[in-house]
Amino acid sequence: MLTKKQIEYVLETMGEMFPNAECELTHSNPFELTIAVVLSAQCTDALVNKVTPHLFDKYKEPEDYIQAPLEELEQDIRKIGLFRSKAKNIKKLCQSLIEDYGGEIPTEKSELVKLAGVGRKTANVVASVAFGEPAIAVDTHVERVSKRLGICKWKDSVLEVEKTLMRKIPMEEWSDTHHRMIFFGRYHCKAQSPQCPECPLLEVCREGKKRMKKRGVVV
DNA sequence: CTCCCGATAT
DNA sequence: ATATCAGGAG
């Protein structure tokens, strides 16, 4: 496991690698962001961004999603995959926005998770990106990077990863850390082909050193 | 734990 | 051609 000092170094290095890391989902208000994050479940942000320009042009308010026939909404988001469940969730989500939240996205995580299609990860993204709340959304990238580096244990659940990160990282750095780890995971420490040989974190990375050894490279 | 599903990397 | 990617609901 990495020490606090090592984690500091890791975050600093990621910051140097990706100084402009931020949410990559196209959106112009909390409502659009929420829809985009719901769509992004089990799907890349890049793909979501291909669908949302048309979607946000056509559906401005919760009412617009409610009024559209389900089949039409499904077709509008079909490229995303899992489109039937997501279309249903979005309709439900908009319904409760109107009924329970005055048509606005709630700012509290505890309220966000009550919305259809919004789980812990999505709630954290919305709270953090839309409302500036300190949060670390543990998506697949954050989880993979944390585990490969040795910030947490391999068998930790997503929730345990989140708790560990919150424990080991000062709160004012949660938001930046979250985005840096996502960029690091998405563009460098990739799921299929991690760029270990060129990684500036190789010397502190548990998994990286193991992979190098496997290939007979001395690090 | 299984189902939901299309896009993209290999 | 097919393995892998990417969260939440039931």
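For the numbers below, each heavy atom of this structure counts, side chains included, while hydrogens, waters and symmetry mates do not. Computed from a predicted structure; not experimentally measured. Letters A, B, ... are given to chains in the order of the sequence lines, protein chains preceding strands, and every chain is numbered from 1.
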Student: OP1 or OP2 of C/dA6 sitting under 4.0 Å from any side-chain N/O of A/T44?
Tutor: no
Student: Considering only the P atoms, how many Å lie between C/dA6 and B/dT10, rounded to the nearest integer?
Tutor: 12 Å
Student: Name all residues meeting the side-chain contact (heavy atoms from CB on, under 4.5 Å) criterion together with A/N29; count only those two or more places apart in sequence or in a different chain, and write none if there are none.
Tutor: A/F31, A/E32
Student: Residues in ring-ring contact (aromatic ring centres under 6.0 Å, His included) with A/Y187, at least two apart?
Tutor: A/F183
Student: Check DNA chain C against residues 63-82 of chain A and give the residues with a non-hydrogen atom under 4.0 Å, in numerical order.
Tutor: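 Output list: A/L82.
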Student: Residues from residues 105-127 of chain A sitting under 4.0 Å of DNA chain B, heavy atoms only?
Tutor: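 When residues 105-127 of chain A is checked for heavy atoms under 4.0 Å from DNA chain B, there are no hits whatsoever.
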Student: Out of curiosity, does A/F56 fall in the hydrophobic cluster containing A/L93 (side-chain heavy atoms, cut-off under 4.5 Å, transitive links)?
Tutor: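 Yes, one cluster joins them.
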Student: What's the CZ-C1' distance between A/R84 and B/dG6, to the nearest Å?
Tutor: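 Taking CZ of A/R84 and C1' of B/dG6, I get 11 Å after rounding.
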Student: Let's see if you get this right: which residues in residues 28-42 of chain A place a heavy atom under 4.0 Å from DNA chain C?
Tutor: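 A/S40, A/A41, A/Q42, in order of number.
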Student: Is there a continuous path of hydrophobic side-chain contacts, each under 4.5 Å between heavy atoms, that joins A/M14 to A/M166?
Tutor: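 They do share one cluster, since a chain of ILVMFWY contacts under 4.5 Å joins A/M14 to A/M166.
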Student: Excluding sequence neighbours, so at least two apart, what forms ring-ring contact (aromatic ring centres under 6.0 Å, His included) with A/H27?
Tutor: none
Student: By side-chain hydrogen bond (donor to acceptor under 3.5 Å, both in side chains), which residues pair with A/K58, not counting sequence neighbours?
Tutor: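 With neighbours one apart ignored, the set is A/E72, A/D76.
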Student: What is the distance, to the nearest angstrom, from the CG atom on A/N89 to the P atom on C/dA9?
Tutor: 6 Å
Student: Do any of residues 148-165 of chain A sit with a heavy atom less than 4.0 Å from DNA chain C, and if so which?
Tutor: none
Student: Any residue in residues 181-197 of chain A with a heavy atom nearer than 4.0 angstrom to DNA chain C? Just list them by number, or reply none.
Tutor: A/A191, A/Q192
Student: Expressed as a whole number of Å, how far does the C1' atom of C/dT2 sit from that of B/dC5?
Tutor: 15 Å
Student: Rounded to whole Å, please give me the gap between CG in A/N49 and P in C/dA6.
Tutor: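 Distance, rounded to whole Å: 15 Å.
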Student: Quick test of your reading of the model: are A/R186 and A/D45 salt-bridged, counting only N-O distances below 4.0 Å?
Tutor: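 Yes, charged N to carboxylate O under 4.0 Å.
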Student: Which pairs with one or both residues in residues 112-164 of chain A pass ring-ring contact (aromatic ring centres under 6.0 Å, His included), sequence neighbours excluded?
Tutor: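 For residues 112-164 of chain A, and leaving out neighbouring residues, there are no ring-ring contact (aromatic ring centres under 6.0 Å, His included) pairs at all.
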Student: In whole angstroms, how far is the C1' atom of C/dC5 from the NZ atom of A/K50?
Tutor: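 My rounded result for the distance is 14 Å.
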Student: Could you check how far NZ of A/K86 sits from P of C/dA9, rounded to whole Å?
Tutor: 12 Å
Student: Does atom NZ (A/K163) have a neighbourhood of more than 12 heavy atoms from anything else shown, all under 6.0 Å?
Tutor: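 At most 12 heavy atoms, drawn from other residues, nucleotides or ligands, come within 6.0 Å of this atom.
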Student: Who pairs with A/D176 by side-chain contact (heavy atoms from CB on, under 4.5 Å), at least two apart in sequence or on another chain?
Tutor: A/R180
Student: Could you state the interatomic distance from SG (A/C189) to NZ (A/K147), rounded to the nearest 0.5 Å?
Tutor: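 Answer for the SG-NZ pair, A/C189 versus A/K147, is 13.0 Å.
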Student: Return the value, rounded to whole Å, for the distance between atom NZ of A/K92 and atom P of C/dG8.
Tutor: 15 Å
Student: Measure the distance from NE2 on A/H141 to P on C/dT4 and round it to the nearest whole Å.
Tutor: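 It is 17 Å, rounded to the nearest whole Å.
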Student: Return all side-chain donor-acceptor pairs below 3.5 angstrom for residues 62-70 of chain A, not counting sequence neighbours, or 'none' if the list is empty.
Tutor:
unit_1	atom_1	unit_2	atom_2	d
A/D64	OD2	A/K60	N	2.8
A/D64	OD2	A/E61	N	2.8

